[in-house]
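Accompanying notes for the structure given below.
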Amino acid sequence: CSDLQLRHRMAHRPRRFDASTQCGRLPHAQRRCRVACVASLLERRGLSTVMLQIYSAAMWALQPLLRRKLQRRGREEAGYLQAIEERFGYYTQAPTDGGYVWVHAVSLGETRAAAVLLQALRAAQPGIRILLTHGTATGRAQGVSLLQEGDVQVWQPWDTPAAVQRFLTHFKPCVGIILETELWPNWVAQCNKAHVPLVLVNARMSEKSMHQAQRLAWLSRPAYQGLSAVLAQTQADAERLQNLGAKVDAVLGNLKFDAKPDALQLAQALVWKEKFKRPVLLFTSSREGEEVMWLDTLQALKDAPLDHQDHIHAVHWLVVPRHPQRFDEVAALIAERGWKVSRRSQWTDGPNLDAQDDADAIWLGDSLGEMALYYGLSDAALLGGSFAPLGGQNLIEATACGCPVVMGPHTFNFAEAAQLAEEAGAALRVEDMAQAVTTALQMVRFGPDENAHVQACMVFSQAHRGAAQRTAQALLPYLTTN
C-alpha cells in the first residue's frame, strides 16, 4: 500500500522546469516570459559587460593557440620568438614609477607614422619617456630606431583583462596613444578602470571595416565609446567612426604625409640609376596571388608584344613583396616562370651588370627598411594590394619620393589618399593588372623631366603636410596634465 502511495505521489508531483530540455515544449506565453527573464538579467548586469566577459573568456582560451602561432611564425621570422612572455604581461624590466607616454604602432606602416608623431611630440614636450608597443616583428624591428634614453619597447599585451592589467600596473602609463585602427576592447575597459586616457590618432575607418564592426556592435561600440578622444585622418573616416560610437575631436590629416624619405637612400638610388640603360618599373608591396597576375601579364606581353616602346624588355622590372616571410616564395615563383632573379640581398654596388643587361632578369627587393631606395630607383610603381580585393597599400611614400603610382580598383583601406593622388595626377587608376602594366610602360617612355606625373607627385606630397604638428598640439593636454 505504501508502495502504491509513493508511486501515486511521484506520478502526480509538481514538475520542476528544466530550461535545457523543456523550453521548446512551453506554451508561447511561458516561452515569452522566459525570454523576458533572461533579458531582464542581462539588463541588470549590463549587456555590454556580459558580452565583454564572454569575449574575454574566449581570448583567454585562445592563448595556447597564440603561443603555437608565434612559434610557427618564428620559424620564418625570428623576431616573433623574441620575448614571447611580454605578450601575456610578464616583463624582464623592473617595475617603474610610471609617467610613460604609451604609443602603440601595430606594424611597419604604423611605426613609420609613429616616427613622425614622436618627433613632433618630443619637440612639443621635451623629456617625455615613450613606452612603444607593437604586434608584428617588422614593426618592432623598425621601432628600435625610434627609442631614446629612458624609453621602453615591448610587445602589445594580449587582450585579456589579466594581461592588460599586468601591463598597466607594470609600466603605469599616463596616457595611451593608438595609431590608426588598432583597438582592443579590454585595452579600453582596463584603461578606463585605471584612469589612463586612451586616444586613437591618425584614425582611419574604411566602409568595409565599419560594417564589420557594426555586426559586432555589442563589443565594438563600448570600445569606441570608451576612448578619451579620436583624431581622424579625413572627414569620411570621422563620420564612420562616429557611426560606431566614437567621440571624434578633430580631423587633422594623415601623419604619413609628414614622413621624409631617407635622404641617403635617395642619394644612393641616384648614383646607381646613372648606370641603368633602361627605366625601372616597380611592383611595390605585392601580395600573395598578385605576383601570379603580374607574371601572367608579363608572359602574355612577351608572347605577343606591343610596339618596341611598350615591350616588357624596354624596362627593368623590380618587385618588393609586402611581407618579408614571402621573399623566398616570390623568388621561387619568378624562377619557375623562366625568369632569372637578382636579389637585393646579393647586391654590393647596385644590381650586377649581368642582371642589368639580361632582359629576362627580374630584381627582387628582399630587404627591410629600404623602400626609399626602391622608389628612388624606379620611374613608376604598381601598387600592391590593389589588384586583388585587399584594400591597397599606402602610396604616400612613393609619391614623396617622386615615383608615380599605377593602382588597381581595390584601394578601400586608403580610399581618400588614393583619390587625392589620382586627382592630383600623382597616381593613375586602372581596371586590372594587364592594363596596369601597359599603362606603366607608356608612362615611362620619356624621362622623369618630361613626365608630368613626377612633378605632380612632389606637389601632391607638399600640399598635405602638417598633420604631425596638429596632432602633437591636440595631444599636449594629455601630456601636461598627467
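Position 1 is the first residue of the sequence, and the numbers go up from there.
Using a cut-off of 4.0 Å between Lys/Arg side-chain N and Asp/Glu carboxylate O, Glu85 and Arg67 are scored as salt-bridged.
Taking both residues in full, the closest heavy atoms of Ala105 and Ala114 are given as CB-CB, 4.1 Å, listed atom of the first, atom of the second, then distance. Val116 approaches Ala468 most closely through the heavy-atom pair CG1-CB, 3.4 Å. Looking at every heavy atom in both residues, Gly226 comes nearest to Asn192 through O-OD1, 3.3 Å. Closest of all the heavy-atom pairs between Arg343 and Ala331 is NH1-CB, 3.6 Å. Of all non-hydrogen atoms in Tyr375 and Cys401, the two that sit nearest each other are CB-CB, 3.6 Å. Taking both residues in full, the closest heavy atoms of Leu146 and Asp151 are given as O-OD2, 4.1 Å, listed atom of the first, atom of the second, then distance.
Going from atom CG of Leu231 over to atom CG of Leu475 covers 6.0 Å, rounded to the nearest 0.5 Å. Taking OG1 of Thr399 as the reference point, atom NE2 of His464 lies at 9.0 Å (rounded to 0.5 Å). With rounding to the nearest 0.5 angstrom, the CH2 atom of Trp317 is 12.0 Å from the CD1 atom of Ile334. Taking NE2 from His170 and CD from Gln165, the interatomic distance works out to 15.5 Å, rounded to the nearest 0.5 Å. Atom CG of Leu168 sits about 14.0 Å away from atom OH of Tyr100, to the nearest 0.5 Å. How far NZ of Lys208 is from CZ of Phe412: 4.0 Å, rounded to the nearest 0.5 Å.
For the pair Asn202 (side chain) and Leu255 (backbone), a donor-acceptor distance under 3.5 Å is present. Judged by distance alone, with hydrogens and angles left aside, the side-chain atoms of Gln265 form a donor-acceptor pair with the main-chain N or O of Leu373 at under 3.5 Å. For the pair Asp379 (side chain) and Pro279 (backbone), a donor-acceptor distance under 3.5 Å is absent. For the pair Ser228 (side chain) and Pro197 (backbone), a donor-acceptor distance under 3.5 Å is absent. Side-chain atoms of Asp237 do not come within 3.5 Å of backbone N or O of Ala232 as any donor-acceptor pair. For Asp159 (side chain) and Trp187 (main-chain N/O), a donor-acceptor pair under 3.5 Å exists by modelled atom type. With Glu77 contributing its side chain and Thr138 its backbone, the two residues share no donor-acceptor pair below 3.5 Å. Under a 3.5 Å cut-off, the side chain of Glu290 and the backbone N or O of Gly384 do not form any donor-acceptor pair. Within the 3.5 Å criterion, the main-chain N or O of Gln214 finds no donor-acceptor partner in the side chain of Arg221. Within the 3.5 Å criterion, the main-chain N or O of Ser285 finds no donor-acceptor partner in the side chain of Arg322.
In this structure, Leu219 and Leu52 have side chains that are in contact, with non-hydrogen atoms separated by less than 4.5 Å. Between Glu416 and Gln235, the closest side-chain pair of non-hydrogen atoms is not below 4.5 Å. Met371 has its side chain within reach of Thr284: a pair of non-hydrogen atoms, C-beta onward, lies under 4.5 Å apart. Side-chain atoms of His410 and Leu390, non-hydrogen and from C-beta on, never get closer than 4.5 Å to each other. Put simply, the side chain of Leu183 reaches to within 4.5 Å of the side chain of Leu227, judged on heavy atoms. Counting heavy atoms from C-beta outward, Glu239 and Val248 have side chains that stay 4.5 Å or more apart. For the pair His211/Arg240, no side-chain contact is recorded, criterion being any heavy-atom separation below 4.5 Å from C-beta on. Side-chain contact check for Leu147 versus Ile130: every heavy-atom pair is 4.5 Å or farther apart.
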| Intermediate values then yes/no, salt bridge (Lys or Arg N to Asp or Glu O under 4.0 Å), Arg337 and Glu291 | CA-CA 11 Å; Arg337 295 299 190 94; Glu291 294 98 355; over 6 Å; no
| message | One pair to check against side chain to side chain contact (heavy atoms under 4.5 Å, CB included): Glu180 and Gln233. What are the steps and the verdict? | response | CA-CA 9 Å; Glu180 300 201 3; Gln233 290 186 19; 4.1 Å; yes
| Full working for side chain to side chain contact (heavy atoms under 4.5 Å, CB included) between Leu66 and Phe88 | CA-CA 10 Å; Leu66 173 63; Phe88 304 98; 3.7 Å; yes
| field | Intermediate values then yes/no, side chain to side chain contact (heavy atoms under 4.5 Å, CB included), Val152 and Thr96 | value | CA-CA 11 Å; Val152 176; Thr96 71; 5.7 Å; no
| said: Leu382 vs Leu281, test: side chain to side chain contact (heavy atoms under 4.5 Å, CB included). Steps then yes/no. | reply: CA-CA 8 Å; Leu382 312 185; Leu281 285 182; 6.0 Å; no
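Heavy atoms of other residues, nucleotides or ligands lying less than 6.0 angstrom from CD of Gln119 number 12 at most. Annotation for Trp60: atom CH2 does not count as buried by contact number, only 12 or fewer foreign heavy atoms lying within 6.0 Å.
Side-chain atoms of Asn186 and Ser56 include a donor-acceptor pair closer than 3.5 Å.
With ring centers used as reference points, Phe167 lies under 6.0 Å from Trp102. Taking the six-membered ring where the residue is Trp, the centroids of Phe276 and Trp363 are separated by under 6.0 Å.
Cation-pi contact between Arg129 and Phe171: absent, since separation from the ring centre below 6.0 Å together with deviation from the ring axis within 45° is not met. Taking the ring axis of Tyr90 as reference, the NZ or CZ atom of Arg166 stays within 45° of it and closer than 6.0 Å to the ring centre.
Considering Gln156, His104, Gln153 in turn, Gln153 is the only one that fulfils the side chain to side chain donor-acceptor pair (under 3.5 Å) rule with His134.
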